[in-house]
Amino acid sequence: LCGEKENRSTLVSAAMSGMLDKLEFVNTYYHKDIYLKFSFVFPSIIMMICTSMYSIIDGLFISNFAGKTAFAAVNLILPVAMGVGAIGFMIGSGGSAIVAKTLGEGKKEKANEYFSMLIFTALIGATILSVFGFIFIRQICMALGARGQLLEYASTYGRIMFVSQPMFMMQTIFYNFFITAVFVCL
């Protein structure tokens, strides 16, 4: 009976020692993890601030120098352009997960094929959406309720936005892939 107590206390102290080692590992990993999370989140925060500042400054200049109707036109068409741009974010998020998984499996060539396929597909899709948006922007604005001068301003601003949509979509896609590339290199 006495020998069993010694074995139990040895097992308990060994378990406690192992737990302390694990806690130290978790603590070290937690601090490293916070640094990694911050390094990934910080560029996103800066990008969102810049995008918000762009919209705010755009709104200030348009409302002060072009008038209320022009400002209403921007607010009418901007959600349409952002909706199209969200497709790029969707492809970037899903595609970067697929590429990261494939790289994690050690299939670098297959990951390169996935990356190339996603980029070419997104570029072709963005170009097609932009062409259709550019051609049918007047009908889109009318469906959103624009009439008269508001229709003219929204159509003009929409055409400008749709010309730049492929670049905007590529920017959101590459941003997601950039995060994946940094994470894979760690």
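Sequence positions, counted from 1, serve as the residue numbers for this chain. Small disclaimer: the values here were computed from a predicted structure and weren't measured.
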Side chain to side chain contact (heavy atoms under 4.5 Å, CB included) evaluation trace for Met169 with Ile87
CA-CA 7 Å; Met169 285 179 74; Ile87 296 169; 3.8 Å; yes

Give me the atom names and distance for the closest heavy-atom approach of [X] to [Y].
| X | Y | answer |
| --- | --- | --- |
| Gly88 | Ile173 | O-CG1, 3.0 Å |
| Ala70 | Ala66 | CB-CB, 3.6 Å |
| Leu151 | Ala146 | CA-CB, 3.8 Å |

Are [X] and [Y] linked, directly or through other ILVMFWY residues, by side chains that come within less than 4.5 angstrom of each other?
| X | Y | answer |
| --- | --- | --- |
| Phe89 | Met170 | no |
| Ile124 | Met167 | no |
| Leu129 | Phe168 | yes |
| Tyr114 | Phe120 | no |
| Met117 | Met90 | yes |

Side-chain heavy atoms of [X] within contact of [Y], under 4.5 Å:
| X | Y | answer |
| --- | --- | --- |
| Thr121 | Ile91 | no |
| Phe177 | Leu118 | yes |
| Tyr153 | Val74 | no |
| Leu144 | Val80 | yes |
| Val163 | Ser130 | no |

Distance from [X] atom [atom1] to [Y] atom [atom2], nearest 0.5 Å?
| X | Y | atom1 | atom2 | result |
| --- | --- | --- | --- | --- |
| Cys141 | Leu76 | SG | CG | 6.0 Å |
| Ile135 | Ile140 | CD1 | CD1 | 10.5 Å |
| Ser155 | Phe162 | OG | CZ | 11.0 Å |
| Ile62 | Phe71 | CD1 | CZ | 7.5 Å |
| Arg138 | Thr156 | CZ | OG1 | 8.5 Å |

Output, in order, the C-alpha distance, side-chain angles, deciding distance and verdict of side chain to side chain contact (heavy atoms under 4.5 Å, CB included) for Val99 and Asn112.
CA-CA 8 Å; Val99 169; Asn112 284 337; over 6 Å; no

Does a sphere of radius 6.0 Å around CE in Met82 hold more than 12 heavy atoms from other residues, nucleotides or ligands, not counting ones at 6.0 Å or beyond?
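It does: Met82 CE has more than 12 such atoms within range.
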
Not counting sequence neighbours, which residues clear side chain to side chain donor-acceptor pair (under 3.5 Å) with Arg159? List them please.
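If we apply the side chain to side chain donor-acceptor pair (under 3.5 Å) test to Arg159, skipping adjacent residues, there are no hits.
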
Answer yes or no: is there an ion pair linking Glu152 with Arg147, defined by an N-O contact shorter than 4.0 Å?
no

Do Gln165 side-chain atoms and Thr127 backbone N/O form a donor-acceptor pair below 3.5 Å?
no

